[in-house]
Novice: 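Take a look at this one; I'll ask things after.
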Amino acid sequence: MKNIIKTKLSYIIEVPKIEDEGYLCFMESNNHVPFSIKRIYYIFDVIKNAVRGKHTHKKTKQVIFCIQGSITIILDNGKDKEAITLNRPNQGLFLDKMMWHEMVAFKEGTVLLVVASDIYKEDDYIRNYRAYLEEVGT
Ligand code: T46
């Protein structure tokens, strides 16, 4: 079972949360996650006031879960922006290709789990905001 919560620029995926002397969440490729998962990475022990992300991906799609703590992700498609707070371990934000994103307001102890549609390739990143705006034509 999965639920989709539409946001202005993207959507949040709710994955199953099974209660059994605690909780267990899971996700499957091409089911809860709308692509074949080729890479998983996690981010933790982020310093206070850090701003991460500040880039987009040319081809890679991702779903970002905040499995502990809380963060705000600012999405930007070159025209509109949206700030989304993630603080539930069974909710992941879909990050489409060519969606500029920044991660801010990390609560102490936050752990992010990210599933991605491709392996790491630095040439898939656009890290310059002006170059991004030129690419999306704004
Ligand atoms: C993203 C957001 C949500 C690797 O070598 N392999 C990897 O799979 C990843 C993800 C990163 N790296 C290296 C590249 C940099 O030298 O780790 C270093 C930190 O990466 P970056 O500054 O891009 O980290 P964030 O937190 O700004 O962004 C990360 C992901 O890189 C990015 O794809 O969308 O999380």
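Ligands are counted one by one from 1 in listed order, and the atoms in each one are counted from 1 as well. Position 1 is the first residue of the sequence; numbering continues from there.
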Novice: Could you pull out the closest heavy-atom pair between Asp76 and Tyr129, with the gap in Å?
Specialist: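 The answer is OD2-OH, 2.5 Å.
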Novice: Answer yes or no: is there an ion pair linking Glu122 with Arg127, defined by an N-O contact shorter than 4.0 Å?
Specialist: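 Salt bridge present between Glu122 and Arg127.
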Novice: What about Phe44 and Leu113, same hydrophobic cluster or not, with Ile/Leu/Val/Met/Phe/Trp/Tyr joined at side-chain heavy-atom distances under 4.5 Å?
Specialist: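 Yes, one cluster joins them.
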Novice: Please list, in number order, the atoms of ligand 1 under 4.0 Å from a heavy atom of Gln62.
Specialist: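 Answer for ligand 1: 1 (C), 33 (O), 34 (O).
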Novice: Where the closest heavy atom to atom 20 (O) of ligand 1 is concerned, which of His55, Arg127, Glu122 has it?
Specialist: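 Ranked by closest heavy atom to atom 20 (O) of ligand 1, first place is Arg127.
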Novice: In the protein, which heavy atom is nearest to atom 24 (O) of ligand 1, and how far is it?
Specialist: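 Here the nearest protein heavy atom works out to Arg52 NH2, 3.5 Å.
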Novice: Distance to the ring centre below 6.0 angstrom and angle to the axis at most 45 degrees; does that hold for Lys6 and Tyr11?
Specialist: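 Judged by the rule (NZ or CZ under 6.0 Å from the ring centre, within 45° of its axis), Lys6 is not positioned above Tyr11.
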Novice: Check whether any side-chain N or O of Thr72 sits under 3.5 Å from a backbone N or O of Ala83 as a donor-acceptor pair, and report yes or no.
Specialist: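 The answer is no, because no donor-acceptor pair under 3.5 Å joins these two groups.
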Novice: Any protein heavy atom sitting closer than 4.0 Å to atom 7 (C) of ligand 1?
Specialist: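 Yes; the ligand atom in question has protein heavy-atom contact below 4.0 Å.
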Novice: Can you sort out which atoms of ligand 1 are near Ile43, meaning under 4.0 Å from one of its heavy atoms?
Specialist: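 Those of ligand 1 that fall under 4.0 Å from Ile43 are 26 (O), 35 (O).
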Novice: Quick one: look up the protein heavy atom nearest atom 15 (C) of ligand 1 and list residue, atom name and how far away it is.
Specialist: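 Sorting protein heavy atoms by distance from atom 15 (C) of ligand 1 puts Tyr120 OH, 4.5 Å first.
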Novice: Suppose I only count heavy atoms of His57 and a 4.0 Å limit; which atoms of ligand 1 are within that range?
Specialist: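 The atoms of ligand 1 under 4.0 Å from a heavy atom of His57 are 1 (C), 32 (C), 33 (O), 34 (O).
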Novice: Identify the two heavy atoms, one from Gln68 and one from Gly109, that lie closest to each other, and give their separation to 0.1 Å.
Specialist: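 The answer is CG-O, 3.4 Å.
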Novice: Ile64 and Leu86: which non-hydrogen atoms are nearest, and at how many Å?
Specialist: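 Here Ile64 and Leu86 meet closest at O-CD1, 3.3 Å.
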Novice: Return the closest protein heavy atom for atom 10 (C) of ligand 1 as residue, atom name and distance.
Specialist: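 Looking at atom 10 (C) of ligand 1, the protein heavy atom closest to it is Arg39 NH1, 3.3 Å.
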Novice: Can you check whether a protein heavy atom sits less than 4.0 angstrom from atom 17 (O) of ligand 1?
Specialist: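 Looking at atom 17 (O) of ligand 1, one finds that no protein heavy atom lies closer than 4.0 Å.
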Novice: In this structure, are over 12 heavy atoms from other groups packed under 6.0 Å from Lys59 atom NZ?
Specialist: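 Count not over threshold, so no.
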Novice: Can you list the atoms of ligand 1 that are under 4.0 Å from a heavy atom of Gly53?
Specialist: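 Checking each atom against Gly53, I get 25 (P), 27 (O).
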Novice: Measure the distance from atom 29 (C) of ligand 1 to every protein heavy atom, then report the residue, atom name and distance (to 0.1 Å) of the closest one.
Specialist: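 Here the closest protein heavy atom is Tyr41 OH, 3.8 Å.
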Novice: Among all the protein's non-hydrogen atoms, which is closest to atom 31 (O) of ligand 1, and how far away is it?
Specialist: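 I find the closest protein heavy atom is Tyr125 OH, 2.6 Å.
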